[in-house]
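Input: a single structure, listed below in structure tokens.
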2 protein chains.
Amino acid sequence: MAKTGDRARTTAVSALASLDFALDRGSPVPLYHQLAQQLEAAIGHGVLAPGNLLGNEVDLSVRLGLSRPTVRQAIQSLVDKGLLVRRRGVGTQVVHSQVRRPLELSSLYDDLETAGQGPTTEVVRNEVVPAPCDVAAALGVPEGGEVTVLDRLRRTHGRPVALLRNYLPVPLLDLDSARLEATGLYRVMRSAGITLHSARQTVGARAATAGEASRLDEEEGAALLTMQRTAYDDTGRAVEYGTHIYRASLYTFDFQLLVRP
Amino acid sequence: MAKTGDRARTTAVSALASLDFALDRGSPVPLYHQLAQQLEAAIGHGVLAPGNLLGNEVDLSVRLGLSRPTVRQAIQSLVDKGLLVRRRGVGTQVVHSQVRRPLELSSLYDDLETAGQGPTTEVVRNEVVPAPCDVAAALGVPEGGEVTVLDRLRRTHGRPVALLRNYLPVPLLDLDSARLEATGLYRVMRSAGITLHSARQTVGARAATAGEASRLDEEEGAALLTMQRTAYDDTGRAVEYGTHIYRASLYTFDFQLLVRP
DNA sequence: AAGTGGTCTAGACCACTTT
DNA sequence: AAGTGGTCTAGACCACTTA
């Protein structure tokens, strides 16, 4: 009799076989990316269930009218995202659901993507000052040189959750406070032509000072999460340095790690 | 006259041209990986300086006797690591040094790689217990089912820095305390045939209880960093659940983010 | 033994950037 | 116009897993 393994395999292949992928060769978006998006959507909708095998790459490429390298490139991008697992001699499987939910690191995700929503951000301060020592070192500008300092208070459900302080080199862009509150720092930077490449972050904790406590609606000595970040553009210039504090009672950093083989 | 841009380009090409890459076609390690390793080493040693152009892929493949896709695969792997930047119409450049230093997240890095060194780990508890509610949910075992609980105290320079508590499904492996102290949890798991795939982490902060304070040599109410992690193998099974606390005065999480285009 | 992914080749054409 | 990376093809052989 067929065992569960056989049944699963049959189901998997037919599930994929019944899918029709719409590939548009005239589109400017690459074929491998079109395929990857549609595979990801199929996984997201549960059409391809966890554990399902994808069927071998050669058959897939023939059925789609693509070359095998192109199909591989699509599959590889989903493997890199942690959605699929390849095993030599076995096949390509959809990863089990609990493992998925690829999250970005909360704070950077906020800055990159949040636009209004629940959380609101109030610009408390936005001015040009001489660079303190640590800021100058992080941004690679002379100590005492001009930098923009930006203080923001972030609230969720009306309660303060974070004090965000950012320093930016002055010549990069001018910061419109109203626009910042509406769209977030990274969106403003991006639309100014700054393409982010990478960032270094340090997360720690310490007790709240009296001033911090009052602004965050906490008690003095309450545990705070701290985060420092230096962000670089793709030419290697430091474009932002931030020192942020979060109410530990309301905020955590949540993220997923993928172990590279 | 030649401007700095021209000089940089010339320097870059000759620097790469003078390198001789030793590619062994008989080796089991793939050619693209051999090339990537040697490029990475050249960057690490400063032979390829930040901002240097790599020279175009076609020439490089001809000079190395490789096909262009193979060379591209090598370069792409370094782009994924954040060491190189490609720009269409321009070329491939070495990223500026400050951006580099690709770090793993400290704690997981510790668990994966640390073997003795400065930090030492003492196994305080290693026994089988019924699974508490949160542990059962995280590991996907029945509540009250048997799990191994492992408490460890980590010290650096003789001072306690962290209390590590891990839960593991019992059938997976048996944990030899002496071996754990010598090689770390993830090494023990790996040699038991468990291949890690991904992990979900939550980092927060809170005040130390009296008991925690005394074990960590802190004062009651001192700020602690907390970390919870669930790790999965490549079949999607949860293989470890950990709740760790760190002395915020001695420990931070340090990591790098790459922004995917 | 059969089937899978892993690697590699030798081309081709296109889109973009710079000169 | 020239040079760069980005995409794509149609094969080939190998290493590994499973039956």
Side-chain angles (χ1 to χ4, degrees), chain A residues 2-6 8-10 12-13 16 23-36 52-80 84-94 193 195 234-235 260-261, chain B residues 2-3 5-6 8-10 12-13 16 23-36 52-80 84-94 193 195 234-235 261:
Chain A
K3 297 186 61 182
T4 47
D6 295 316
R9 179 168 309 200
T10 310
V13 172
L16 184 58
L23 299 172
D24 175 9
R25 295 190 105 90
S27 161
V29 36
L31 292 172
Y32 74 88
H33 196 242
Q34 292 183 38
L35 178 54
N52 278 185
L53 285 164
L54 227 60
N56 75 65
E57 298 172 350
V58 180
D59 287 355
L60 195 53
S61 63
V62 170
R63 199 164 75 246
L64 297 175
L66 297 173
S67 70
R68 187 184 164 204
T70 301
V71 171
R72 270 186 71 80
Q73 194 174 359
I75 292 175
Q76 186 60 46
S77 70
L78 297 185
V79 170
D80 290 341
L84 297 175
V85 180
R86 285 208 249 231
R87 280 188 257 201
R88 197 192 314 224
V90 179
T92 304
Q93 275 181 307
V94 179
T195 63
D234 56 7
T235 71
R260 308 267 158 218
Chain B
K3 297 187 59 182
D6 296 316
R9 180 168 310 201
T10 310
V13 172
L16 184 59
L23 299 172
D24 176 8
R25 295 189 106 91
S27 161
V29 36
L31 292 172
Y32 73 87
H33 196 242
Q34 293 181 39
L35 177 55
N52 278 184
L53 285 164
L54 227 59
N56 77 65
E57 298 172 350
V58 181
D59 287 355
L60 194 54
S61 64
V62 170
R63 199 165 76 246
L64 297 174
L66 297 173
S67 68
R68 185 183 166 206
T70 301
V71 171
R72 269 186 71 80
Q73 194 172 357
I75 292 175
Q76 185 60 47
S77 70
L78 297 186
V79 171
D80 291 341
L84 297 175
V85 180
R86 285 207 249 232
R87 281 189 254 200
R88 186 168 358 198
V90 179
T92 303
Q93 275 181 308
V94 179
T195 64
D234 56 7
T235 70

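Worth knowing before you read on, the calculation uses all heavy atoms, side chains too, and leaves out hydrogens, waters and symmetry mates. Naming: A, B, ... by sequence-line order, numbering from 1 per chain. Note that the coordinates shown come from a computational prediction; the quantities given were computed from them, not determined experimentally.
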Decide side chain to side chain contact (heavy atoms under 4.5 Å, CB included) for A:V79 and A:V85; before the verdict, give the C-alpha distance in whole Å, the side-chain angles of both, and the deciding distance to 0.1 Å. CA-CA 6 Å; A:V79 170; A:V85 180; over 6 Å; no
Taking only residues at least two apart or on different chains, which pairs with a member in residues 64-80 of chain B satisfy side chain to side chain donor-acceptor pair (under 3.5 Å)?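 Qualifying pairs: B:E57-B:R68, B:E57-B:R72, B:S67-B:T70, B:Q76-B:D80, B:Q76-B:R86.
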Mind calculating the distance between CG (A:L60) and P (D:dT9) to the nearest angstrom?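 My rounded result for the distance is 13 Å.
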Where each pair must be Watson-Crick or G-U wobble with both distances under 3.5 Å, what dot-bracket representation of DNA chain C is obtained, with crossing pairs in [ ] and other-strand partners as |? ||||||||||||||||||.
What is the distance from atom [atom1] of [X] to atom [atom2] of [Y], rounded to the nearest 0.5 Å?
X     : Y     : atom1 : atom2 : answer
A:Q34 : A:L64 : CD    : CG    : 11.0 Å
B:L35 : B:L60 : CG    : CG    : 6.5 Å
B:L23 : B:L31 : CG    : CG    : 6.0 Å

Contacts of B:R87 that satisfy side chain to side chain donor-acceptor pair (under 3.5 Å) - sequence neighbours left out: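 Once residues adjacent in sequence are excluded, the partners of B:R87 under the side chain to side chain donor-acceptor pair (under 3.5 Å) criterion are B:Q93.
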Protein within reach of the bases, or only the backbone? For nucleotides 3-8 of chain C, mark each nucleotide 5' to 3' as B, S or -, using heavy atoms under 4.0 Å. BBBBBS
Would you please name every residue forming a side chain to side chain contact (heavy atoms under 4.5 Å, CB included) with B:T195, sequence neighbours left out?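 Expected list: B:D234.
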Under the side chain to side chain contact (heavy atoms under 4.5 Å, CB included) test, residues paired with A:D59 that sit two or more places apart: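 Expected list: A:N56.
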